[in-house]
2 protein chains.
Amino acid sequence: MPDKKAKTVKPASDAVEILHRRFFEGKPARLKNLEEARANEEIARKIHELRAAVALAQTQLAKLIGTTASVICRLEDADYEGHSLAMLRRIAGALNQRIEIRFIPIRRSA
Amino acid sequence: MPDKKAKTVKPASDAVEILHRRFFEGKPARLKNLEEARANEEIARKIHELRAAVALAQTQLAKLIGTTASVICRLEDADYEGHSLAMLRRIAGALNQRIEIRFIPIRRSA
DNA sequence: TTGAAATTTCGCAACATTGCGAATAAACTG
DNA sequence: CAGTTTATTCGCAATGTTGCGAAATTTCAA
């Protein structure tokens, strides 16, 4: 490894380390898990609401996307952590919707 | 480097769409695949743009999310069909962003 | 209360995504 | 040009997600 101590220049590696530090210091494991838990819960709720909105039973929605009720039930469980893009798309497709995915900047408040 | 321009894509899009529409008219299954292909392409592009925006090499982003450059490369490949929520979240998290997922009604027919 | 439909939980096989190194190609620097 | 960094491709093991039946629980209407 080349040894650089440049004060004047800012190698890309520095930026990486900074980002890395922000990632792990500014976002403790607990916070991150919390956010993930919330996200999962939100997805579960959206699926449930979507299904409820069209008044389908889990069994019916299951048939629409080619699976079983127990799978739908699992998806609507707020504690389920295995949500996938593939499944969301299948549900959206069956209900004549599409999935939109956006990256949204998080403003780190103080 | 294989064709990976991510600048302007407007010009040819019209003609391409017309051709595809004629070819796939009345064939939902294929249309659906087309939509999926587009969605995948869009995700790949978004990841690439996001990484480019913060001026990170694939290797650097890879380290941020705890993986290798070949994985990032795969994600940025427009033909990759294995995009997952989990990976998108990891990338978003590393870049101080969050993933927003929406179900959006499609108005069919016309 | 009773029965039927709907939902929930569990376990495991099948399938899909990720990890990761190594080799190749391309882009960049001097 | 050679040397360095970056990007791409491939294969396979490891991990994660889905499929699905069966049984337990809840909901609901009669």
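Computed from a predicted structure; not experimentally measured. Proteins get letters first, then strands, A, B, ... in listed order; numbering begins at 1 in each.
- Set against D/dG19, C/dT8, D/dT9, the side chain of A/Cys73 has C/dT8 as its closest nucleotide.
- Between the CD atom in B/Glu42 and the CD atom in B/Glu49 there is a gap of 9.5 Å [rounded to 0.5 Å].
- One finds a side-chain N or O of B/Arg90 lying less than 4.0 angstrom from the OP1 or OP2 phosphate oxygen of C/dG19.
- Remark: the B/Ser70 side chain and the C/dG19 base include no donor-acceptor N/O pair separated by less than 3.5 Å.
- Minimum atom distance to the side chain of A/Ala69 is reached by C/dT8, of the listed D/dT9, C/dT8, C/dC20.
- Note: CG (A/Leu85) to P (C/dT17) measures 10 Å, nearest angstrom.
- Nucleotide D/dA7 holds its C1' atom 15 Å from the CG atom of B/Leu56, rounded to whole Å.
- Distances shown here put every side-chain N or O of B/Ser84 at or beyond 4.0 Å from the OP1 or OP2 atom of C/dA16.
- The nearest whole Å value for the distance from the CE atom in A/Met87 to the P atom in C/dC15 is 15 Å.
- The distance between atom CG of B/Asp79 and atom P of D/dT8, rounded to the nearest whole Å, is 12 Å.
- When the side-chain nitrogen and oxygen atoms of B/Arg51 are compared with OP1 and OP2 of D/dA7, one or more of them lie within a distance under 4.0 Å.
- When rounded to the nearest whole Å, the span between CG of A/Asp77 and C1' of C/dC10 equals 13 Å.
- B/Arg102 places no side-chain N or O within donor-acceptor distance of the main-chain N or O of A/Glu100, the cut-off being under 3.5 Å.
- The interatomic distance linking A/Ile72 (CD1) with C/dT9 (C1') rounds to 16 Å, in whole Å.
- One finds no side-chain N or O of A/Thr67 lying less than 4.0 angstrom from the OP1 or OP2 phosphate oxygen of D/dT18.
- The shortest heavy-atom contact between B/Thr67 and B/Ile72 is CG2-CD1, 4.3 Å.
- What separates CZ of A/Arg89 from P of D/dT17 is a distance of 16 Å, to the nearest Å.
- Summarising the geometry, atom NZ belonging to A/Lys63 is positioned 7.0 Å from atom OG1 belonging to A/Thr59; distances are rounded to the nearest 0.5 Å.
- Distance, A/Gln58 CD to D/dT27 C1': 12 Å, rounded to whole Å.
- For the OP1/OP2 pair of D/dT18 and a distance below 4.0 Å, the side-chain nitrogens and oxygens of A/Tyr80 include at least one atom meeting the criterion.
- Distance check, rounded to the nearest 0.5 Å: CD of A/Glu41 to NE2 of A/His83 gives 10.0 Å.
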